[in-house]
Amino acid sequence: MPRKRRYWLFKSEPSCFSIDDLEGRPDRTEPWDGVRNYQARNLLRDEVAEGDGVLFYHSNIPRPCVVGIAEVVGGAYPDRTALDPRSKHFDPRCAPDNPIWYMVDVRFVRRFLREITLEEIRATPSLAGMELLRRSRLSIQPVSDSEWETILHLGGVDKGE
DNA sequence: GCCAACGTTGGC
DNA sequence: GCCAACGTTGGC
């Protein structure tokens, strides 16, 4: 029996990597690299799996918001930017046999018809349990089935997409 | 750009 | 293993 599809919220500063950047990549796919937090790393490595849904969140802007959805296209593998001294995500403790940090590939699915701002999420009672409103610093967060459906509905996307 | 919240580091 | 110092995140 296939594993049940799960849902996540991935944060990115759009000045660094935006949903437009993802859509513009070959195959609309890009490694989600640079995660340097152990809890987020553990989720990426151990919980996030191929086929899972991703809410693409733009952080550190005047109106932080979920802008669309992506999907995970494979399991986690070592984040090579941690081994590259020229990368701003370089971590000198890492070695090929000791990767420490992991990443997954994500593929653009679609942008929402309208952005769902943090303010709107905060004002929506059925989203009051979202991790985003509690552990605001975690860059990879689990999203429940009902939260996923609510956000997609608010974003003008039909269920099942 | 400020700064609160929070994660990490390292001396002890 | 405690905890102060420090660095980073991210809303505002």
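Fair warning: this is a prediction, and the values are worked out from it, not measured in the lab. In what follows, chains are A, B, ... by sequence order, proteins preceding strands, each numbered from 1.
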Does atom CG of A/Asn98 have more than 12 heavy-atom neighbours, drawn from other residues, nucleotides or ligands, at distances under 6.0 Å? yes
With sequence neighbours left out, the residues meeting side-chain hydrogen bond (donor to acceptor under 3.5 Å, both in side chains) with A/Ser18 are A/Asp21
State the CZ-CH2 distance between A/Arg5 and A/Trp148, to the nearest 0.5 angstrom. 5.5 Å
Along DNA chain B, 5' to 3', what are the outermost nucleotides having an atom less than 4.0 Å from a heavy atom of chain A? B/dA5 to B/dT9
Under the side chain to side chain donor-acceptor pair (under 3.5 Å) criterion, do A/Arg41 and A/Ser139 qualify, and how do the steps go? CA-CA 9 Å; A/Arg41 186 281 308 270; A/Ser139 65; over 6 Å; no
Any salt bridge (charged side-chain N to carboxylate O under 4.0 Å, His left out) involving residues 88-100 of chain A? Give me the pairs, sequence neighbours left out, ordered by first then second residue. A/Asp91-A/Arg93
For A/Arg93, answer base if it contacts any base atom (sugar-phosphate contacts may also be present), sugar-phosphate if it contacts only those atoms, and nothing otherwise; contact means non-hydrogen atoms under 4.0 Å. sugar-phosphate
For A/Val48, which fellow cluster members are found when Ile, Leu, Val, Met, Phe, Trp and Tyr are connected by side-chain heavy-atom distances below 4.5 angstrom, either directly or through intermediates? A/Trp8, A/Phe10, A/Phe17, A/Ile19, A/Leu22, A/Trp32, A/Val35, A/Leu43, A/Leu44, A/Val54, A/Phe56, A/Val67, A/Val72, A/Val104, A/Val106, A/Phe108, A/Leu138, A/Ile140
N/O donor to acceptor pairs below 3.5 angstrom from side-chain atoms of residues 125-133 of chain A, sequence neighbours left out:
from	atom 1	to	atom 2	distance (Å)
A/Glu131	OE1	A/Arg134	NH2	3.0

Where along residues 54-64 of chain A does a heavy atom come under 4.0 Å from DNA chain B, residue by residue in number order? none
Do A/Arg25 and A/Asp105 meet the salt-bridge criterion of a basic N to acidic O distance under 4.0 Å? no
